[in-house]
Every structure is written in structure tokens, then in C-alpha cells.
Amino acid sequence: MKSTLVVLALAVSASTVAIAQTPPPYQPGMGDLMVTIVQPRHLKLGLAGQARNWDYADYAQHELEEALETVEKHIPKWRNLDIGQLMAATVKQPLEEVEKAVKAKNAVAFDAAYRQVTEACNACHRSANLPAIVIKVPDASAFPNQEFRVTRP
Ligand code: HEC
């Protein structure tokens, strides 16, 4: 009888310790999401388009779209701003233009639409009172271990 109680007491205190040690879930902030999932996908899409690598550009366009949707879903409000509304007013339309250009394998249309996406990133940064965050069309790869050119016919 006594030993059963001791075992029970040990089991209870062990589970209490386990709960106390569970770290809080990781909740990246807006700036974290921007530099980790949005910025690299914007860059990769730009490099794919510059290389006229339409198969990869198609993939990269969707990944960038999804990254922005993830931001909107997890941070619906940033300070006093409605992020969904701002996404709709800035990047949504130009991203659809990129998608069309990629599907049509139209280099001139891609370049124009990609510049618009980039300008839309900055439009939102200005709306958020962060005009110092200036995104540009990439002029170099930050991924020396990835091939962006078409390697297959
Ligand atoms: C709906 C609004 C919105 C859109 C669209 C948006 N951003 Fe942002 N971005 C923000 C906000 C707000 C911050 C500041 C976050 C903070 O400081 O916590 C930010 C910060 C950043 C930063 C961090 C700057 C730094 O140097 O650390 C980068 C990089 C960035 N955005 C890239 C992009 C790119 C690339 C796009 C377009 C594909 C984009 N953003 C589109 C709202 C937006």
C-alpha cells in the first residue's frame, strides 16, 4: 500500500516536470517571416525568371504566393494594419501577372510583372511606415549551391 502511493507520487511529479519543461510554441514575428520565408522565395523567383527557367519559375511563383499566404494567416494584424487587405491591395495582382507570364513562357511579360511584384513589396513597406525596407530585382544569387539555369532540354 505504501509503495503504491510512492509510485503514484513519483509519476505525478514526473509529469508535472514534463509540462513545466515543454517550451512555448515558436511564434515567429513579421520580420522573422519576411527574412526567412518571403525574401528568399522572392529572390529565387527572380533568378528563375532571369534564367528563363519556366518550369522552376512556375514552382517558385507558387512558393512565394504560399509564403505570403502563411504570413497573412499567422499575422492577420500587424500593429494597426490589416495584413490580408494590404496583401490584396499590393502583391496579389502582380503575382497573378507573373503566373500568367510564366505559363506563357513570355520573358518580357515576366520581367515587367516581376518588377511590379517587387514594387508591391515596397508599397506595403511604405504603408507600414517602413520606407527604409527597399526590395529590388536581384542582381546576384545568394544560393551558390543551387542551379537556376535550365539544365534539361
Ligand atoms: C502586407 C504587407 C507586406 C508585404 C506585401 C510585404 N511585406 Fe515585407 N515587411 C512587412 C512588414 C510590416 C515588415 C516589418 C516587420 C517587422 O519589423 O516586424 C516587413 C519586413 C520585411 C523585411 C525585413 C527587412 C530586414 O532587413 O530585416 C524583408 C526582407 C521583407 N519585408 C521582404 C519582403 C518582400 C521580398 C516582399 C515581397 C515579395 C514583401 N516583404 C512584402 C510587410 C509586408
Side-chain angles (χ1 to χ4, degrees), residues 14-153:
S15 67
T16 310
V17 169
I19 288 165
Q21 284 178 346
T22 305
Y26 175 54
Q27 280 192 314
M30 184 64 113
D32 301 321
L33 290 177
M34 285 284 158
V35 292
T36 54
I37 67 170
V38 175
Q39 187 175 17
R41 299 230 179 262
H42 171 271
L43 169 55
K44 288 181 176 206
L45 174 61
L47 296 173
Q50 284 168 11
R52 312 313 186 203
N53 185 345
W54 304 122
D55 285 346
Y56 181 71
D58 182 50
Y59 170 83
Q61 190 274 340
H62 285 109
E63 290 296 319
L64 176 59
E65 212 165 35
E66 277 176 25
L68 291 164
E69 282 165 14
T70 299
V71 170
E72 181 180 332
K73 188 169 145 203
H74 289 277
I75 309 186
K77 262 200 116 115
W78 187 83
R79 297 194 181 160
N80 59 339
L81 299 174
D82 181 324
I83 291 303
Q85 252 176 30
L86 267 174
M87 290 285 183
T90 56
V91 284
K92 198 170 182 291
Q93 178 71 27
L95 265 173
E96 281 168 17
E97 294 301 319
V98 167
E99 187 178 18
K100 276 192 228 157
V102 168
K103 292 244 173 341
K105 302 187 192 332
N106 183 332
V108 174
F110 176 89
D111 290 346
Y114 184 78
R115 268 198 306 275
Q116 279 172 22
V117 168
T118 306
E119 180 42 42
C121 303
N122 293 327
C124 193
H125 296 152
R126 286 193 298 271
S127 300
N129 209 16
L130 296 165
I133 302 177
V134 181
I135 304 304
K136 65 173 187 172
V137 172
D139 51 23
S141 172
F143 301 98
N145 60 348
Q146 185 168 0
E147 182 60 80
F148 292 97
R149 291 169 303 177
V150 180
T151 51
R152 297 179 279 109

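FYI, the numbering just counts along the sequence from 1. Since the model is a prediction, treat every value here as computed from it, not as a measurement.
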Check: [X] side chain, [Y] main-chain N or O, donor-acceptor pair, under 3.5 Å:
| X | Y | answer |
| --- | --- | --- |
| Asn122 | Ile135 | yes |
| Tyr114 | His42 | yes |
| Asp111 | Val108 | no |

Would you call Tyr59 and Lys44 a side-chain contact if the rule is heavy atoms closer than 4.5 Å?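 They are not in contact (no side-chain heavy atoms under 4.5 Å apart), so the answer is no.
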Heavy-atom count around [X] [atom1] within 6.0 Å, excluding the residue itself: above 12?
| X | atom1 | result |
| --- | --- | --- |
| Lys103 | NZ | yes |
| Gln146 | CD | yes |
| Arg52 | CZ | yes |

Taking all heavy atoms of [X] and all of [Y], pick out the closest pair and write down the distance.
| X | Y | answer |
| --- | --- | --- |
| Gly49 | Ala57 | N-CB, 4.4 Å |
| Gly29 | Asp32 | N-OD2, 2.8 Å |
| Ile83 | Met30 | CD1-CE, 3.5 Å |
| Ala48 | Phe148 | N-CD2, 4.5 Å |
| Leu43 | Pro138 | CD1-CB, 3.3 Å |
| Ile37 | Val71 | CD1-CG2, 4.5 Å |

For the [atom1] atom of [X] and the [atom2] atom of [Y], what is their distance to the nearest 0.5 Å?
| X | Y | atom1 | atom2 | result |
| --- | --- | --- | --- | --- |
| Leu47 | Arg149 | CG | CZ | 12.0 Å |
| Met34 | Ile75 | CE | CD1 | 8.0 Å |
| Leu130 | Arg79 | CG | CZ | 6.5 Å |

Worked check of salt bridge (charged side-chain N to carboxylate O under 4.0 Å, His left out) between Arg115 and Glu97: CA-CA 11 Å; Arg115 268 198 306 275; Glu97 294 301 319; over 6 Å; no
Test side-chain contact (heavy atoms from CB on, under 4.5 Å) on Gln61 and Leu95; report intermediate values, then the result. CA-CA 8 Å; Gln61 190 274 340; Leu95 265 173; 4.0 Å; yes
Evaluate the salt bridge (charged side-chain N to carboxylate O under 4.0 Å, His left out) criterion for residues Lys92 and Glu96: first the C-alpha distance (whole Å), next the side-chain angles of each, then the deciding distance (0.1 Å), finally the verdict. CA-CA 6 Å; Lys92 198 170 182 291; Glu96 281 168 17; 3.2 Å; yes
Pair His62-Glu99, side chain to side chain donor-acceptor pair (under 3.5 Å): steps then yes or no: CA-CA 8 Å; His62 285 109; Glu99 187 178 18; 3.2 Å; yes
Sequence neighbours excluded - salt bridge (Lys or Arg N to Asp or Glu O under 4.0 Å) pairs with any residue from residues 64-73: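 Checked against salt bridge (Lys or Arg N to Asp or Glu O under 4.0 Å) - neighbours excluded - no pair reaches residues 64-73.
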Residue of the set Val117, Thr90, Leu33, Val38 for which side-chain contact (heavy atoms from CB on, under 4.5 Å) holds with Leu68: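 So the option named by the test is Val38.
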Please determine whether side-chain contact (heavy atoms from CB on, under 4.5 Å) holds for the pair Val102 and Val98, giving the CA-CA distance in whole Å, both sets of side-chain angles, and the decisive distance to 0.1 Å. CA-CA 6 Å; Val102 168; Val98 167; 4.1 Å; yes
For Val137 and Gln50: C-alpha separation, side-chain torsions, deciding distance, then whether side-chain contact (heavy atoms from CB on, under 4.5 Å) applies. CA-CA 10 Å; Val137 172; Gln50 284 168 11; 3.5 Å; yes
